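In what follows, a structure is listed as structure tokens, so that the remarks can point back to it.
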Amino acid sequence: MTTRTNTDTTPRAWIGCLACYNNARLVGEWFEAETADEVTLADVHGGAHRMHSGCEELWVMDHENIPASGEMSPSEAAEWARVLLASPEHQRDALCAWTASGSYVAEGTGDLPSVPDFEERFCGTWGSFRDYAETLAEEVGLIPQDAPEELVRYFNWDAWIRDLEHDYTVVRADTISVYIFRNL
């Protein structure tokens, strides 16, 4: 299995004032997404004295380390962050990759990933699917140690690995490794 060094995976949200945005003024700040639903108009404007009339609604116009596309409400950003932060930091990139793959299990009725399902399906970070498959074959005793050499020589590893991969979701982790998730 490959070890990766992780960068900061803290979910963040750029929350802006919609009224200001609609009036051609970009007013907002970056906040930790976990508390995005607690951000007020005064927080975004740098104090209540800087708010204009008509400032009523906040919106997340950008975000980072949240595996969803597009804009969202501050409460939705907070929900995403809380789900992501429920996963160990060293696995958050993998959870985001699983979600971005579209092959993830959603929690409840929304698009939020199920952390328990992620933990059950995540097989780790590997150099390649072949590396994973060969280790799995050894662990389950696919070909017994005392198998005749004639049998071992005729086993079609490429076909077995290709067929096995249909039971998994493989997502590129970086230039040298992949995340592997079991499809149940």
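Positions are given from 1, in the same order as the sequence printed here. In this text the structure is predicted, and so the values were computed from the model without any measurement.
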If we only count heavy atoms from C-beta on, is the [X] to [Y] side-chain gap below 4.5 Å?
X	Y	value
Pro11	Glu34	no
Cys20	Val44	no
Phe118	Thr99	no
Ile15	Glu29	no
Pro113	Leu95	yes
Val171	Trp98	no
Leu164	Leu136	yes

Just verifying a value: how many Å separate [X] [atom1] and [Y] [atom2], rounded to the nearest 0.5 Å?
X	Y	atom1	atom2	answer
Glu89	Thr9	CD	OG1	4.0 Å
Cys96	Asn65	SG	CG	6.5 Å
Ser87	Glu119	OG	CD	6.0 Å
Tyr179	Thr169	OH	OG1	14.5 Å
Arg182	Asp117	CZ	CG	11.5 Å
Phe181	Ser101	CZ	OG	6.5 Å

Contacts of [X] that satisfy side chain to side chain contact (heavy atoms under 4.5 Å, CB included) - sequence neighbours left out:
X	result
Asp146	Pro144
Asn156	Asp158, Ala159
Ala100	none
Ala68	Ile66, Met72, Trp80

Treat each ILVMFWY residue as a node, draw an edge where side-chain heavy atoms are under 4.5 Å apart, and state whether Val140 and Leu184 are in one component. no
List, by chain and number, the other hydrophobic cluster members for Trp14, where Ile, Leu, Val, Met, Phe, Trp and Tyr join if side-chain heavy atoms come within less than 4.5 Å, directly or indirectly. Leu18, Tyr21, Leu26, Trp30, Trp59, Met61
Students should find that the hydrophobic cluster of Leu85, defined by side-chain heavy atoms under 4.5 Å apart, otherwise consists of none
Specify the closest pair of heavy atoms between [X] and [Y], including all atoms of both residues, with the distance to one decimal.
X	Y	value
Ala147	Ile143	CB-CG2, 3.7 Å
Thr125	Ser177	CG2-OG, 3.6 Å
Ala133	Ile161	CB-CG1, 3.7 Å
Ala36	Ala77	CB-CB, 4.2 Å
Val60	Ala13	CG1-CB, 3.8 Å

Kindly write out the residues that satisfy side-chain hydrogen bond (donor to acceptor under 3.5 Å, both in side chains) with Thr135, not counting sequence neighbours, or none if the list is empty. none
Going by the rule salt bridge (charged side-chain N to carboxylate O under 4.0 Å, His left out), which residues pair with Glu134 if we only count those two or more places apart in sequence or in a different chain? Arg130
Which residue pairs pass the salt bridge (Lys or Arg N to Asp or Glu O under 4.0 Å) test with at least one member in [range], sequence neighbours excluded?
range	value
residues 51-76	Arg12-Glu64
residues 36-50	Asp37-Arg82
residues 160-169	none

Sequence neighbours excluded, the answer for ring pair (Phe, Tyr, Trp, His ring centres under 6.0 Å) partners of Tyr132 is Trp126, Phe129, Tyr168
Can you see whether Ser103 engages Asn183 through a side-chain donor-acceptor pair at a distance of less than 3.5 angstrom? no
Would you confirm whether Tyr104, through its side chain, and Asp111, through its main-chain N or O, come within 3.5 Å as a donor-acceptor pair? yes
